[in-house]
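In what follows, a structure is listed as structure tokens, so that the remarks can point back to it.
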Amino acid sequence: MSFDDIIDRRGSHCVKWDMMEALYGVPQDRGLAMWVADMDFRPPQCVLDAITAQVDHGIIGYFGDDSKYKAAIQWWMDTRHGWQVDPDHIFTTHGLVNGTAMCVETFTQPGDGVVLFTPVYHAFAKVIKANNRRVVECEMTQVNGRYEMDFDAYDAQMDGSERMVILCSPHNPGGCVWSRGELAAVAAFAKRHNLILVSDEIHHDLVMPGHSHFPMAHIEGIEDRLIMMTATTKTFNIAGSHSGNVIIADPDLRARFAQRMMALGLSPNSFGLFMATAAYSPEGAAWVDELVQYLDGNRRLFDDAVNAIPGLKSMALEATYLSWVNFEGTGMARADFTRRVEQDACIAVNHGPTFGKGGDSWLRFNIATPRARVQEAVDRLAHAFSDLQ
């Protein structure tokens, strides 16, 4: 298998390709889908083999004995992230948006404030609002083209009704890999304001060369308030399996979460567990290493071309496969530059305002697609903004 293989996903019930015309007005026959955060690559063969084995067996029943599954998670977190995880601390949820919603529901009450460092992954605000909690947006600042958190300003924002803070680490959409010092500052903020700290680390395996992810679990003194969230879904492009892990070291928090899981009658999708067990393996690790090198090549191609267009500037991508592009320098209204991208270039992208404060002049591009498509996208963008050059 090559990451250069063009796989036509249209007509396969793929939200990314089959819904772009309905949602963004980008024609399906000639549009490029660069919005939803899944990749246009097949997962590693070991994952496909795991699914095939279940089909060949012929009986799809309830999953039992998750010891191999949890052992695979332990092996991966230890070998890839230097993090030793107790298997008894692992809960499997229906993906990490579900995991986030479960945390909000379990550890806060209606009307409570939940802090987000914005702009940030749009699903956080959606589940907070749907649970009748209040989104508290702490807008980040840009320093030398990178996001930073201003905790003096955030401290002044707090009114005492906040009960939780959700961190995206690495950051989506900005692609920042937070340093140990930055993570320690988030932890100190959570302690100062007595907040449960949810660290969504779903992109932790997709880190560009020259950068290293640091798990929040390595910050000392926050175990009593920390919820860690990880998944195979982004790493191995198996988002449709809808499986993720909520990992809780503190026994009191863990008991409360277990009770809520029981109350809702939640149990995992067996296919997700079989795929994750296969993915968290030496074969899966080798595939991820190749993937990251390929994504880094896509990043270089995309950034060089986009940044050559006057008025456009992409944020330096340290992790994820999501390029965050600022159109402020064009002097155009948001509707105008968005129209050029979607109607003139026929590229479906995520709109910046959906990520919260600070996103108005931005669009998010998914570059996890064969390089020929990335080249096509940047050629279309250069043409759509040719009058600026």
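Predicted model only: the values in this text are computed from it and were never measured.
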Inset, instruction - Determine the interplanar angle of the Phe327 and Phe365 rings, folded into 0 to 90°, and report it as parallel if under 30°, tilted if 30 to 60°, perpendicular if over 60°. - result: parallel
Inset, instruction - Give every residue pair that meets the salt bridge (charged side-chain N to carboxylate O under 4.0 Å, His left out) criterion with at least one member in residues 198-209, sequence neighbours excluded. - result: none
Inset, instruction - With rounding to the nearest 0.5 Å, note down the distance linking CZ in Arg42 to CD1 in Ile7. - result: 3.5 Å
Inset, instruction - Using the test side-chain contact (heavy atoms from CB on, under 4.5 Å), find all partners of Leu23 that sit at least two apart in sequence or belong to another chain. - result: Met19, Trp35
Inset, instruction - Look at the side chain of Asp360 and the backbone N and O of Pro353, then say whether any donor-acceptor pair between them is shorter than 3.5 Å. - result: no
Inset, instruction - Could you give me the CA-CA distance, side-chain angles and deciding distance for Tyr147 and Trp178, then say whether side-chain hydrogen bond (donor to acceptor under 3.5 Å, both in side chains) is met? - result: CA-CA 10 Å; Tyr147 282 128; Trp178 305 120; over 6 Å; no
Inset, instruction - Would you kindly confirm whether Leu167 and Val127 end up in one hydrophobic cluster when ILVMFWY residues are joined by side chain heavy atoms under 4.5 Å apart? - result: no
Inset, instruction - Considering only NZ, NE, NH1 and NH2 on the basic side and carboxylate oxygens on the acidic side, decide whether Asp4 and Arg373 come within less than 4.0 Å. - result: no
Legend entry - Spacing of Leu317 atom CG and Met208 atom CE [to the nearest 0.5 Å]: 4.5 Å
Legend entry - Residues in ring-ring contact (aromatic ring centres under 6.0 Å, His included) contact with Tyr321, at least two apart in sequence or another chain: none
Legend entry - CA sep, side-chain torsions, deciding dist, call: Asp379, Gln375, side-chain hydrogen bond (donor to acceptor under 3.5 Å, both in side chains): CA-CA 6 Å; Asp379 289 346; Gln375 184 65 60; 2.9 Å; yes
Legend entry - Main-chain N/O of Asp159 paired with Glu162 side-chain donor or acceptor, under 3.5 Å: yes
Inset, instruction - With the side chain counted from C-beta on, respond yes when Phe355 and Arg364 share a heavy-atom pair under 4.5 Å apart, and no when they do not. - result: yes
Inset, instruction - Determine yes or no for a side-chain-to-main-chain donor-acceptor pair under 3.5 angstrom, with Thr338 supplying the side chain and Ala335 the backbone. - result: no
Legend entry - Ion pair Asp86/Lys70, N-O distance below 4.0 Å: no
Inset, instruction - Answer yes or no: is there a side-chain heavy-atom contact under 4.5 Å between Arg225 and Ile222? - result: yes
Legend entry - Path from Ile347 to Phe337 over hydrophobic side-chain contacts below 4.5 Å: yes
Inset, instruction - Kindly determine whether Thr92 and Asn245 satisfy side-chain hydrogen bond (donor to acceptor under 3.5 Å, both in side chains), including the steps that lead there. - result: CA-CA 5 Å; Thr92 301; Asn245 295 114; 3.2 Å; yes
Inset, instruction - For residues Trp83 and Thr230, determine if any side-chain heavy atom of one lies less than 4.5 Å from a side-chain heavy atom of the other. - result: yes
Legend entry - Check: Asn269 and Met275 side chains under 4.5 Å, non-hydrogen atoms: no
Inset, instruction - Would you please name every residue forming a side chain to side chain donor-acceptor pair (under 3.5 Å) with Thr233, sequence neighbours left out? - result: none
Inset, instruction - Flag yes if more than 12 heavy atoms outside His211 fall under 6.0 Å of its NE2 atom; otherwise flag no. - result: yes
Legend entry - Aromatic ring pairing Phe274/Phe63, orientation class (parallel under 30°, perpendicular over 60°, tilted between): perpendicular
Legend entry - Check ion pair Arg146-Glu182 (N to O, under 4.0 angstrom): yes
Inset, instruction - Please confirm whether the backbone N or O of Ala249 pairs with a side-chain atom of Arg254, one donor and one acceptor, at under 3.5 Å? - result: yes
Legend entry - With sequence neighbours excluded, residues passing side-chain contact (heavy atoms from CB on, under 4.5 Å) with Ala50: Ala278
Inset, instruction - Calculate, to the nearest 0.5 Å, the distance between atoms CD1 and CG belonging to Ile227 and Asp250 respectively. - result: 8.0 Å
Inset, instruction - Quick one: do Asp303 and Ser314 satisfy side-chain hydrogen bond (donor to acceptor under 3.5 Å, both in side chains)? Show the steps, please. - result: CA-CA 6 Å; Asp303 284 354; Ser314 63; 2.9 Å; yes
Legend entry - With sequence neighbours excluded, residues passing side chain to side chain donor-acceptor pair (under 3.5 Å) with His351: Glu342
Legend entry - With Leu322, the side-chain contact (heavy atoms from CB on, under 4.5 Å) member among Asn350, Leu206, Asn366: Asn366
Inset, instruction - Using the salt bridge (charged side-chain N to carboxylate O under 4.0 Å, His left out) rule, collect all pairs that involve residues 9-18, keeping only residues at least two apart or in two chains. - result: Asp8-Arg10, Arg9-Asp38, Arg9-Asp40, Lys16-Asp38, Lys16-Asp40
Inset, instruction - Mind checking the NE2-CE spacing from His193 to Met164? Nearest 0.5 Å is all I need. - result: 16.0 Å
Inset, instruction - Taking only Lys NZ, Arg NE, NH1 and NH2, and the carboxylate oxygens of Asp or Glu, determine whether Asp344 and Arg339 approach each other closer than 4.0 Å. - result: yes
Legend entry - Side chain Glu318, main chain Ser212, donor-acceptor under 3.5 Å: no
Inset, instruction - Applying ring pair (Phe, Tyr, Trp, His ring centres under 6.0 Å), run through Tyr280 and Trp287 and close with a yes or a no. - result: CA-CA 11 Å; Tyr280 281 160; Trp287 182 89; over 10 Å; no
Legend entry - ring-ring contact (aromatic ring centres under 6.0 Å, His included) against Tyr154, all qualifying residues, sequence neighbours excluded: Phe117, Phe151
Inset, instruction - Output yes when a side-chain donor or acceptor of Arg380 lies under 3.5 Å from a complementary backbone atom of Ala345, and no otherwise. - result: yes
Legend entry - Distance (rounded to the nearest 0.5 Å) between Ser199 OG and Ile166 CD1: 10.5 Å
Legend entry - side chain to side chain donor-acceptor pair (under 3.5 Å) partners of Asn326, counting only residues at least two apart: Ser361
Legend entry - Nearest-0.5 Å distance, OG1 of residue Thr369 to CG of residue Asn298: 8.0 Å
Inset, instruction - Examine Trp324 and Phe124 and state if one hydrophobic cluster contains both, with Ile, Leu, Val, Met, Phe, Trp and Tyr joined whenever side-chain heavy atoms are less than 4.5 Å apart. - result: no
Legend entry - Heavy-atom side-chain contact between His203 and Asn172 under 4.5 Å: yes
Legend entry - Minimum side-chain heavy-atom gap Leu116-Val136 below 4.5 Å: no
Inset, instruction - List in chain and number order the residues that pass ring-ring contact (aromatic ring centres under 6.0 Å, His included) with Phe107, two or more places apart in sequence or in another chain; answer none if no residue qualifies. - result: none
Inset, instruction - Give a yes or no on whether Leu48 and Phe3 share a hydrophobic cluster (residues Ile, Leu, Val, Met, Phe, Trp, Tyr; joining criterion: side-chain heavy atoms under 4.5 Å apart). - result: no
Legend entry - Hphob cluster co-occupancy, Leu301 + Val292, side-chain heavy atoms under 4.5 angstrom: yes
Sequence neighbours excluded and cut-off under 3.5 Å, please list the side-chain donor-acceptor pairs for residues 255-267, or say none.
| from | atom 1 | to | atom 2 | distance (Å) |
| --- | --- | --- | --- | --- |
| Arg256 | NH2 | Thr106 | O | 3.4 |
| Arg260 | NE | Glu105 | OE1 | 3.2 |
| Arg260 | NH2 | Glu105 | OE2 | 3.1 |

Legend entry - Counterpart residues, ring-ring contact (aromatic ring centres under 6.0 Å, His included), relative to His204 (two or more places apart): His81, His213
Inset, instruction - Indicate yes or no: at least one non-hydrogen side-chain atom of Arg80 is less than 4.5 angstrom from one of Val288. - result: yes
Inset, instruction - Without swapping roles, check the side chain of Arg133 against the backbone of Gly111 for a donor-acceptor pair under 3.5 Å. - result: no
Legend entry - Pairwise side-chain contact, Glu328 with Lys313, heavy-atom cut-off 4.5 Å (strictly under): no
